[in-house]
Each structure stands twice: as C-alpha cells, then as structure tokens.
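Just below is one structure, and these are the notes that go with it.
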Amino acid sequence: MMLKNVILITIDCLRPDHLNCYGYKRITSPFISSLARTGWIFTNFFANSSYTCASIASMITSTYPFDYGEYLEFSTPARLSKKRLLLSEVLKKYGYSTAFFHDNPYLSPIFGYNRGFDVCIDFGRKVLSSIRSKRRFLNLMFKNKKIQDLLWKIKDFVLLIDWFIRGKPIRTDAETILREAYKWSRKASRPFFLWMHLMDTHIPYSPKHEVLKQFGISKLRAAMILYKQIFRKNISKEEVRLVKLLYDSQIYQIDQALAKYLPKMVNHDFEDTYIIITADHGEEFFENGRIGHSGVLTDTLLRVPLIICGGLKRIVLHS
Ligand SMILES: [Zn+2]
C-alpha cells in the first residue's frame, strides 16, 4: 500500500467561529474555505484542554492530559512522559521522514516534543543564544515567577518597538514557518509527516502593516492593544471590537501564507497528501467574563476547528 504524506497544521488559539467555512462573515480565511470544500469539516470537535501544554500533549500522543502523571500545568509544563508515544514516533516506524516547525516555548525539545522527528525547528531558539542557555534561563524562570514574567515582558516590549518601526512580527509568523517547512518538504523523502504549529493568532497580535491597513486598523491603535496584551493591562469591553479585528487580521495572514505555500508543498497535487487543520484551544473575548485563555474549561475555549482534506484526486483551489 502506498503511504500518503501527512501535513498537520495546529493553529494556536484558533476559534472555529472566526473561520469563513464555519459561517463567519468577515473575510478571514478564503483559502481554508477552499480546502474545506474539498474535504471534511467537523462542526462539533473539542480539544482536551484549554491551554497548549495539556491540549497538544493529548492531541499528538492520543492520550488524556492526566494519563501518565506529569504535571501539565498551565505555565510550568513537565517533560512529556516517555510512555506517551508521539505521532511522529509511530510514523517514523513506518518509514516516514518527519519534521516539526514552531515558535511556542511549551513545545520545545526540552519538553520532549522533538521525539520521533528528523528535523525539529524551534524558532524560539533564535531569541536566546542556544538550547543550553535556554534551559538555564527556563530553570531560573521556574524558580521565580516574577522574574519570569518581567523578562518575557521586557523581551516582548523590545519586539513591539521593532514591530512598530520595521513591521517585524513579535512571534515567528506563519509565512516564515511555511517558507522553511516548504524548503524542507522539497528535499524530504516520501512519505513525510510535517507538523507546523502557528502562533499568529496568539497574543500579542502583530500583523503585517499592510494587513493592518486592509482591516482598517491604525498602527498606533494596534500598538496600544499590543502594549496592553504584553503588560497584561485591562482591556475594556469597548476595545474588544478592535481586539477581535486584530485577531481576524492574524487569521487572514495565516490563510495567505497557507495559500502561498501549501499547494507548492504538494506540487499542486493533493492526491498523495492528507492535510489536517485544527487548533489547541480557542480564545475568549468576554463571552464568560474573561479575555484570553487559561486553565478554565468553557465551550469557547474547548471548541476548535477540524478540517481534513487531501488524499484525493487533483483538486482545484481558489485562493
Ligand atoms: Zn495554545
């Protein structure tokens, strides 16, 4: 039997009800809609938790968060138990080439997420000089939560200034991750398993300046929201409309990057590749009195999109 490639795309904080294929009116995701039309769209799909550490650990190992006794707490995750077998480890046994591209500190090799991968590109490494110094840095942070918070805020504030002046995203954006993954896919032997975790929809939002313009948001107003997100200042209910607009612009940016690189990754032929798009959890915009996501379990945080397509004859995409 001919094994097919698998591309798994997990998008941090992505709510299904902000995607056009789930009925959202503002244009955020035309390319994802075109993928959904060719495959399956699941309208009642739930994550196993409302934050990255527990949700992704469950998803990528097909286990429940409490199964193996690690403390998958909201902000101080443990290294994944070896008893949890990652999807990459399973597919490796079947002869797959495997790669993982991301910029989420909770999915770093130090927590075991590189297991089973030939290539694991953690873009967060670029912020700190090496994995070794990162480990020392994280150890320091774990001992003192206040130092941890302050260091991250200072780092993000410097990045905010850089975004304001030069448009450089605060987290590695989808375009960069897709571009690097595309380069890998061109050289990888078949079949391959490629996992990309995208952070554009996680705060602090830092869209490209031209996308801001397209969504009618001034740079200064966006910067004020970013400042409040970084320093955890209160966001008023009046500002939520703007926060949602920024969130939508980030989805649009992801959609554009997918439209640019996904067809090329599969040589415009989706017959040999399955594409899975989902999220680790949602995001709240005061539906339950809060904004953001945390260790509470609400429908808004647990309901996530799931779209599976590909593995079919050539399909026509409208981006
Ligand atoms: Zn997350």
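Below, all heavy atoms of this structure are taken into account, side chains as well, without hydrogens, waters or symmetry copies.
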Above 12 or not: heavy atoms from other molecules or residues under 6.0 Å from [atom1] of [X]?
| X | atom1 | answer |
| --- | --- | --- |
| K219 | NZ | yes |
| F66 | CZ | no |
| R190 | CZ | yes |
| N234 | CG | no |
| F42 | CZ | yes |

Please check if [X] and [Y] belong to a single hydrophobic cluster, counting links between Ile, Leu, Val, Met, Phe, Trp and Tyr side chain heavy atoms closer than 4.5 Å.
| X | Y | answer |
| --- | --- | --- |
| L160 | M199 | no |
| I56 | I308 | yes |
| F117 | V90 | yes |
| Y64 | L306 | no |
| I177 | V211 | yes |

Say whether [X] and [Y], considering side chains only, have a donor N or O and an acceptor N or O under 3.5 Å apart.
| X | Y | value |
| --- | --- | --- |
| N288 | T300 | yes |
| H197 | T10 | yes |
| N104 | H202 | no |
| D118 | S97 | no |
| D248 | Y24 | yes |
| S88 | T98 | no |
| S55 | D280 | no |

Determine, for E284 against R290, whether the closest basic-nitrogen to carboxylate-oxygen distance falls under 4.0 angstrom.
->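 Looking at E284 and R290, the cut-off is met.
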Should the pair E89-K92 be classified as a salt bridge under the 4.0 Å nitrogen-to-oxygen rule?
-> no
Give the ring-plane orientation class for F111 versus Y106, where under 30° counts as parallel, over 60° as perpendicular and anything between as tilted.
-> tilted
Quick one: sort the Y247 and F285 rings into parallel, tilted or perpendicular, breaks at 30° and 60°.
-> perpendicular
L198 vs I9, side chain to side chain contact (heavy atoms under 4.5 Å, CB included): CA-CA, chis, key distance, verdict = CA-CA 7 Å; L198 308 178; I9 301 157; 3.8 Å; yes
Which distance, rounded to the nearest 0.5 Å, do you find between the [atom1] of [X] and the [atom2] of [Y]?
| X | Y | atom1 | atom2 | answer |
| --- | --- | --- | --- | --- |
| Y113 | C120 | OH | SG | 11.5 Å |
| M224 | I235 | CE | CD1 | 10.0 Å |
| D200 | Q250 | CG | CD | 5.5 Å |
| F123 | T176 | CZ | OG1 | 6.5 Å |
| L178 | I254 | CG | CD1 | 9.5 Å |
| K82 | L86 | NZ | CG | 11.5 Å |

How close do [X] and [Y] get, heavy atom to heavy atom, and via which atoms?
| X | Y | answer |
| --- | --- | --- |
| E239 | I225 | CB-CD1, 4.1 Å |
| H293 | G282 | CB-O, 3.9 Å |
| G39 | C309 | CA-CB, 3.8 Å |
| P191 | N5 | CA-OD1, 3.2 Å |
| R171 | P204 | NH2-CD, 3.4 Å |
| T273 | K4 | N-CB, 4.5 Å |

Just do the side chain to side chain contact (heavy atoms under 4.5 Å, CB included) check on Q253 and K208 with the steps written out, would you?
-> CA-CA 8 Å; Q253 201 168 281; K208 289 178 183 172; 3.6 Å; yes
Would you please test Y205 and I170 for side chain to side chain contact (heavy atoms under 4.5 Å, CB included) and show each step?
-> CA-CA 8 Å; Y205 309 135; I170 290 180; over 6 Å; no
Without swapping roles, check the side chain of [X] against the backbone of [Y] for a donor-acceptor pair under 3.5 Å.
| X | Y | answer |
| --- | --- | --- |
| N20 | R26 | yes |
| T28 | H18 | yes |
| S29 | I32 | no |
| D103 | T172 | yes |
| R241 | E238 | no |
| S81 | K83 | yes |
| R15 | E283 | yes |

Against [X], only a single residue in [options] fulfils side-chain contact (heavy atoms from CB on, under 4.5 Å); can you say which?
| X | options | result |
| --- | --- | --- |
| M59 | L87, V304, T278 | T278 |
| L245 | L212, I217, V240 | I217 |
| L19 | I277, I41, I11, L14 | L14 |

Mind checking whether S249 and Q214 have side chains closer than 4.5 Å, heavy atoms only?
-> no
Using the side chain to side chain donor-acceptor pair (under 3.5 Å) rule, pick out the option among T298, T43, D17, N44 that qualifies with R303.
->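 Exactly one pass, corresponding to N44.
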Report yes or no: is the cationic atom of K233 (NZ for Lys, CZ for Arg) closer than 6.0 Å to the six-membered ring centre of Y227, at no more than 45° off its axis?
->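 Checked: cation-pi criterion not met.
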When you measure from the centre of the six-membered ring of Y182, is the NZ or CZ of K264 under 6.0 Å away and within 45° of the axis?
-> yes
When W184 is tested against each of F192, Y261, W195 for ring-ring contact (aromatic ring centres under 6.0 Å, His included), which residue passes?
->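 With W184 as partner, F192, Y261, W195 yield a single ring-ring contact (aromatic ring centres under 6.0 Å, His included), made by F192.
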Before giving the answer on side chain to side chain contact (heavy atoms under 4.5 Å, CB included), spell out for I60 and L8 the whole-Å C-alpha distance, their side-chain angles and the decisive distance to 0.1 Å.
-> CA-CA 10 Å; I60 205 70; L8 171 64; 3.7 Å; yes
